[in-house]
Amino acid sequence: MEQNPDYLSRDNQIAHVTTSIWTVNKERTKTLMVYHNIYRSWAWTGGHSDGETDPLETALREAREETGICDLNVLGGLASVDILPVTGHMKRGRYVSSHIHLNYSYLFEADDRQPLRIKEDENSQVGWIAVADLEQMVSEPDMLPIYKKLI
């Protein structure tokens, strides 16, 4: 990373820090997910640090932005660190080349009766998915082992 010190910014087109959130209801039977427009799959919430040096703060910001949920409880500290490959794709009319996400994951708990809101520029749906239904709902098979690890 010394050759690319901007690892906290997506200006680093090789690898940069992201944060993801695995949010469960109090009974641990459901997880809060969004239908991601680029990947066309139900997915956890999360995003780029965009210069933020505290990944937990990034996680809280992203969970709120992507779902509209306000009341979140952090379950412990950092849950997982993963290196996630990202294939080239179009975003907001521009091509984003393949790169790597240096991803920090956190576990949150929330009341599944809180109102939800879609972040339309990234997601087309948001909702609580039964943990037992993940394999049928997630169309990114490479993500299932990561989700199962967090469960």
query: Are any side-chain N or O atoms of N123 and backbone N or O atoms of Q125, one a donor and one an acceptor, separated by less than 3.5 Å?
result: no

field: Check ion pair D82-K149 (N to O, under 4.0 angstrom)
entry: yes

query: Got a salt bridge between E65 and R61, using NZ or NE/NH1/NH2 to carboxylate O under 4.0 Å?
result: yes

- prompt: Do T58 and D54 have side-chain heavy atoms sitting under 4.5 Å apart?
  reply: no

- prompt: Mind checking whether H48 and H16 have parallel, tilted or perpendicular rings, split at 30° and 60°?
  reply: tilted

- prompt: Side chains of D121 and R92: closer than 4.5 Å at any heavy-atom pair?
  reply: yes

message: Less than 4.5 Å apart, side chain to side chain, heavy atoms only: is that true for I151 and L134?
response: yes

N103 backbone acceptor or donor facing H101 side chain under 3.5 Å: no

- prompt: Sequence neighbours excluded, which residues qualify as salt bridge (Lys or Arg N to Asp or Glu O under 4.0 Å) partners of E140?
  reply: none

message: Closer than 3.5 angstrom, by distance alone: can the side chain of E66 be matched with the main-chain N or O of K119 as a donor-acceptor pair?
response: no

message: Between R28 and E109, does any NZ, NE, NH1 or NH2 come within less than 4.0 Å of an OD or OE carboxylate oxygen?
response: yes

statement: ring pair (Phe, Tyr, Trp, His ring centres under 6.0 Å) pairs touching residues 128-151, sequence neighbours excluded, are W22-Y147, W44-Y147

- prompt: Taking the side chain as C-beta and beyond, is there a heavy-atom pair between L84 and I100 under 4.5 Å?
  reply: no

message: Quick one, Y106 and P55 - any side-chain contact, counting heavy atoms below 4.5 Å?
response: yes

